[in-house]
2 protein chains.
Amino acid sequence: MPERKPRKDAVRNRQAVLEAADALFARDESPEGVTLAAVAAAAGVGKGTLFRAFGDRPGLLRALYEARLDPVREAVETGPPPLGPATPPRQRVPALLDTLLCFKLDNRPLMLALEEGGSSSPYQADHYARWHGLLATVLRQIPGLADSDFTAHALLAAIRADLVEHLAGHECVPRERMREQLADFTAGVLDSGPARPGERRVIRGRGAGE
Amino acid sequence: MPERKPRKDAVRNRQAVLEAADALFARDESPEGVTLAAVAAAAGVGKGTLFRAFGDRPGLLRALYEARLDPVREAVETGPPPLGPATPPRQRVPALLDTLLCFKLDNRPLMLALEEGGSSSPYQADHYARWHGLLATVLRQIPGLADSDFTAHALLAAIRADLVEHLAGHECVPRERMREQLADFTAGVLDSGPARPGERRVIRGRGAGE
DNA sequence: TAACGATACGGACCCCGGGTCCGTTTAGCA
DNA sequence: TGCTAAACGGACCCGGGGTCCGTATCGTTA
């Protein structure tokens, strides 16, 4: 793979676009309102340049996300407890979720655009697959938990960008409050322990079709 | 409020559009692909008619949703246990969630379009507010639960249309399996019981800013 | 039943945003 | 300094939501 180095102006422009996008997303609260033409203009660059550098809207969002996420990812992959791999699962799960929540709180417009802006399901995005995979793996190491895959999905759903935005933005729930609520909720899920045998809850029909 | 009766052709056309939309959403799996022009054409009606009858895309979706939901709503509001108001909270919560899940499974494309299609947050929609309000109210009657509002949000998030679609459509999780998973998850949340005093879980920093 | 106002119809039209194309410019190498 | 490959940029295209208004239809009154 030769992978010849890109031209200087290319990297400069790429950077300019990244910064302009960052600024625009931070300023406008509605990510839908941020147009790619506007980003290009703010970066002092033509639309063509922007699209060549990032492919399409999701591509730009992804690039922005990766850049911001980098320190977090490192802390998760190789850092010390309570985030790093050495942490016992029962502690690591809430730490991961809390970190993700804080990240989303710190990058509300971006995360909103990333997760919910696209026309295709956020569950296709591979950043989601990564988090889900990690979380499910850690959950699997906690004995007595029902279905790690589903549990991971459900826990991640509790901190979806638009829910976070709704709580923080519209209902004005303060940061620390949300963190507590999430922690309590997570603890509830994790503590539910091995379902005492024989106490399976029957849900009883009314399933609107079958 | 006189509220004079609408003309016959108006109600006929309205009905035709509703049915055409129903059919189109059922056929195409991707709700994004269903264009309002296509719906109008399928109904044998001009776009103008469609927009006069329903206002805009969300309006049409809402109308479709209300129509389908009607029996469920009735069962919830005035029906017998385990859905109706007479049910003890601990049983009613899982019953409500299971019902909602089944409803979403039975109306996947529609619910997908309704919840995630719009450019604005699904948390603004008042159908969400209704479900959340009901669920939170019931949760509040269960002693020892941390935060009913947040818990309601989180439980509803676990059955968001796009997650349901992802599991049912892409990961091919069968209906009964999903119902079980949801039931187990819900039970875990509900059983977590009154947090033993003094055992508050500290999440310890790493909150990406503060 | 004829005539007339109110109501509804329908599709051409507008707007806007994502994405493309290609003639022009520029970096970087010899 | 000259040459080529790479990058630039903005005019352009496309498709979908939503509007407008001249025309057709309803249904009511005489």
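Only this structure's heavy atoms are used, side chains among them; waters, hydrogens and symmetry mates stay out.
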Short side-chain N/O contact from A:T35 to OP1 or OP2 of C:dC16, under 4.0 Å: no

First encountered from the 5' end of DNA chain D, between B:L36 and B:R12: B:L36

State whether B:K47 places a side-chain N or O below 4.0 Å from either non-bridging phosphate oxygen (OP1 or OP2) of D:dT19. no

If only side-chain N and O atoms of A:R57 are considered, is one of them under 4.0 Å from the OP1 or OP2 phosphate oxygen of C:dG18? yes

A:Y128 and A:H153 aromatic ring geometry - parallel, tilted or perpendicular at 30°/60° bounds: parallel

Atom CZ of A:F54 and atom P of D:dG9 are separated, to the nearest Å, by 14 Å

Send over the distance from A:L50 CG to C:dG17 C1', rounded to a whole Å. 13 Å

Please evaluate residues B:E116 and B:K104 with respect to the criterion salt bridge (Lys or Arg N to Asp or Glu O under 4.0 Å), reporting the C-alpha separation (whole Å), side-chain torsions for both, the decisive distance (0.1 Å), and the verdict. CA-CA 13 Å; B:E116 321 295 338; B:K104 293 192 183 189; over 6 Å; no

For B:E74, is the CD atom crowded, meaning more than 12 foreign heavy atoms sit under 6.0 Å from it? no

Nearest of D:dG27, C:dA8, C:dG18 to any side-chain atom of A:F51? C:dG18

Could you tell me how far apart B:R7 (CZ) and D:dC26 (P) are, to the nearest whole angstrom? 7 Å

Specify the residue among A:P58 and B:N13 whose closest nucleotide of DNA chain C lies further upstream toward the 5′ end. B:N13

Interatomic distance where NZ belongs to B:K8 and C1' belongs to D:dT28 [whole Å]: 13 Å

Map B:E32 and A:V11 onto DNA chain D by nearest heavy atom, then report which one ends up closer to the 5' terminus. A:V11

Do the side-chain N or O atoms of B:T49 get closer than 4.0 angstrom to the phosphate oxygens (OP1, OP2) of C:dG10? yes

Calculate the interatomic distance between B:K5 atom NZ and C:dA8 atom C1'; express it in whole Å. 17 Å

With under 30° as parallel and over 60° as perpendicular, where do the rings of A:Y123 and B:H166 fit, or are they tilted in between? parallel

If you take atom types as modelled and just measure distance, does the side chain of A:R52 reach the base of D:dA7 with a donor-acceptor pair under 3.5 Å? no

B:D9 CG to D:dT25 C1', in whole Å, measures 7 Å

Is B:D98 reaching over with its side chain to a backbone N or O of B:P94, donor-acceptor style, under 3.5 angstrom? no

Interatomic distance where CZ belongs to B:R14 and C1' belongs to C:dG10 [whole Å]: 18 Å

